[in-house]
Peer 1: 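Would you mind keeping the following structure in view while I ask a few things?
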2 protein chains.
Amino acid sequence: MSDERRVRILNATRELLLHYGYDKTTVSDIAQAAGVSKGAIYLHYPSKDALVEALLWHDADRAQQEIARRLQADPNGGSFTSLYVHGLRVAMEMPLLRAIYGNRQRVFGDVFKRLAPNFSNQAIRAAVIEFIRKYQALGLIRADIDAKVVAYMLAYMRYGLLTIEDVIPSDEAPPLDAVLDLLVDVLDRGFAAAGGDTAAGRSAYIAYAENAINTVRSQWESTKVEEEEDHE
Amino acid sequence: MSDERRVRILNATRELLLHYGYDKTTVSDIAQAAGVSKGAIYLHYPSKDALVEALLWHDADRAQQEIARRLQADPNGGSFTSLYVHGLRVAMEMPLLRAIYGNRQRVFGDVFKRLAPNFSNQAIRAAVIEFIRKYQALGLIRADIDAKVVAYMLAYMRYGLLTIEDVIPSDEAPPLDAVLDLLVDVLDRGFAAAGGDTAAGRSAYIAYAENAINTVRSQWESTKVEEEEDHE
DNA sequence: GTTTGACCAAAATTGTCATTCTGGTCAAAG
DNA sequence: CTTTGACCAGAATGACAATTTTGGTCAAAC
């Protein structure tokens with residue numbers, strides 16, 4: 001019940017998943033690393049899968065909050081570019097979220113297939129497109145380009161950056177700051193419209209962010225498969 | 001010996017590799033699909049691995065030529081942007097080359113690991129950086145940005161576009177033309193310098209292209225592992 | 001000189017069974 | 001009321017043999 005206990009369990013889980021991967025991480029390992037008994041884990045979470053799922057939501061929420069915090073602190077926080085790049089930086093800094101793209105199989109095994117085999121990101125992508133349209137209406141993104149194509153380009157740039165280390169070892173890559181600085185530069189030149197209402201952009205983001213996480217969550221819930229307990 | 005025969009074999013190999021993958025494609029299958037006997041294949045190629053390797057070089061050469069052809073036909077062919085995008089379009093259109101990134105395991109099995117386990121793209125990346133510097137000197141790319149970071153950004157954008165279909169099914173993606181048009185637009189705004197000597201750019205590319213393929217080839221040769229024939 | 005396909009050794013696959021491991025439970029301890 | 005860890009059934013793993021497949025060869029046909 002203690003919250004600190006729960007966080008310790010989640011942290012241990014994250015660490016072991018990243019290091020050993022789902023298949024080679026046993027619940028006993030997690031218990032030991034967290035300094036609790038195995039039974040204690042089942043006091044908090046009904047199954048190993050549920051534990052991993054809870055960890056993912058936990059990190060997603062943290063990321064969400066962290067992005068919002070940085071945008072508030074950023075004087076330029078309402079611009080489209082800073083929004084995109086703050087999100088990207090946070091994603092780059094949270095290895096577990098990165099692993100959803102880059103090392104899903106190794107880190108998560110078949111949890112995704114097992115929990116929500118029919119999950120589709122279509123609804124989320126649609127929400128992004130709507131958001132881009134709103135930003136275009138606010139004069140924060142050039143209005144002469146198709147929002148769908150913009151969304152697609154943002155998606156593959158993000159995906160490329162999150163997974164490029166499969167091809168370029170991270171120790172041979174330029175520093176993340178330099179990479180993101182150039183990205184900001186190019187995005188500003190390529191997408192941003194002159195002028196535009198950044199204050200409105202900031203509040204549009206807040207609405208979007210809540211909506212987005214709800215979209216993900218409801219999409220997840222609706223495609224989620226109930227844990228079967230088939231004893232016969 | 002007949003060249004047409006060899007091409008038929010290569011085409012059959014490509015088709016089967018893409019459809020069934022390396023492990024599930026037998027040499028007999030290839031022979032049958034190509035309409036020759038199994039022995040005929042070993043008349044042209046010393047082993048299955050060598051056949052696949054030859055196919056890859058064959059396609060790489062074709063891609064190389066095709067890119068050069070399109071650049072010649074393009075009135076804007078000397079610009080950095082058209083160079084990058086022509087290359088990308090050709091890569092997108094040649095599924096086998098795409099598969100090197102996107103479906104390596106499925107399509108090629110362990111050929112890469114077996115043939116050149118220590119292959120590194122470092123030398124190629126260095127050549128790209130040099131090329132970007134040359135383009136900067138010619139006034140075709142903004143000179144105020146670090147060539148290394150530019151190269152990295154181009155790499156992850158390319159990688160993202162080539163592999164995004166893992167995340168966004170290709171039938172839900174915008175048309176390739178629209179995607180590449182926006183890419184040209186954004187790259188022009190983000191990277192291109194005003195003015196610049198496009199004629200020199202075109203000839204710089206020719207030098208670069210030869211150099212690049214040689215770099216790949218020599219890197220490949222030097223890390224290549226000899227087919228062992230260990231009978232004891 | 002070419003081309004073929006039957007042939008072979010090596011490798012991969014399948015099936016089986018014994019053993020170990022691991023997610024999850026619950027009676028007992030605190 | 002909380003927490004624990006010994007315990008259990010079912011799943012995963014490994015070892016082994018029988019069977020099939022497959023990359024590669026070469027004597028024979030053309």
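Fair warning: this is a prediction, and the values are worked out from it, not measured in the lab. Reminder, nothing fancy here: chain letters follow the sequence lines and each chain counts from 1.
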Peer 1: Rounded off to whole Å, could you give me the CD1-to-P distance for the Ile30(A) and dT4(D) pair?
Peer 2: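 Interatomic distance, CD1 of Ile30(A) to P of dT4(D): 16 Å.
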
Peer 1: Report the C-alpha distance between Arg62(A) and Glu93(A) in whole Å, list the side-chain angles of each, state the deciding distance to 0.1 Å, and finish with yes or no for salt bridge (charged side-chain N to carboxylate O under 4.0 Å, His left out).
Peer 2: CA-CA 12 Å; Arg62(A) 276 208 329 174; Glu93(A) 287 170 357; over 6 Å; no

Peer 1: Can you tell me whether the side chain of Lys38(A) and the base of dG24(C) have a donor-acceptor pair closer than 3.5 Å?
Peer 2: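 Yes, the side chain and the base share a sub-3.5 Å donor-acceptor pair.
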
Peer 1: Walk me through whether Arg202(A) and Asp74(A) qualify under salt bridge (charged side-chain N to carboxylate O under 4.0 Å, His left out).
Peer 2: CA-CA 11 Å; Arg202(A) 210 187 285 251; Asp74(A) 185 344; over 6 Å; no

Peer 1: For the pair Tyr84(A) and Phe80(A), name the ring-plane relationship: parallel under 30°, tilted 30 to 60°, perpendicular over 60°.
Peer 2: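 Aromatic pair Tyr84(A)/Phe80(A) classed parallel.
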
Peer 1: Test: salt bridge (Lys or Arg N to Asp or Glu O under 4.0 Å). Region: residues 12-39 of chain B. Which pairs qualify, not counting sequence neighbours?
Peer 2: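 For residues 12-39 of chain B: Arg14(B)-Asp59(B).
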
Peer 1: Could you check how far CG of Asp49(A) sits from C1' of dG23(C), rounded to whole Å?
Peer 2: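 After rounding, the reported distance stands at 10 Å.
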
Peer 1: To the side chain of Ser37(A), which of dT4(D), dG23(D), dG24(C) is closest?
Peer 2: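 The listed nucleotide nearest to Ser37(A)'s side chain is dT4(D).
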
Peer 1: How would you list, by chain and number, every residue that makes a ring-ring contact (aromatic ring centres under 6.0 Å, His included) with Phe108(B), sequence neighbours excluded?
Peer 2: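 Listed in chain order: Phe112(B).
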
Peer 1: Go through dT25(C), dG24(D), dT3(D) for me and flag the one nearest to the Leu43(A) side chain.
Peer 2: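 For the Leu43(A) side chain, the nearest candidate turns out to be dT3(D).
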
Peer 1: Going by atom types alone, do Asn211(B) and Glu130(B) pair a side-chain donor with an acceptor below 3.5 Å?
Peer 2: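 Asn211(B) vs Glu130(B): no donor-acceptor pair found between side chains.
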
Peer 1: With the threshold set at under 4.0 Å for non-hydrogen atoms, list the residues of residues 18-29 of chain B touching DNA chain D in residue-number order.
Peer 2: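 Residues of residues 18-29 of chain B that come under 4.0 Å of DNA chain D are, in numerical order, Thr25(B), Thr26(B), Val27(B).
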
Peer 1: Rounding to an integer number of Å, can you tell me how far Tyr42(A) OH sits from dA6(D) C1'?
Peer 2: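 Between C1' of dA6(D) and OH of Tyr42(A): 15 Å.
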
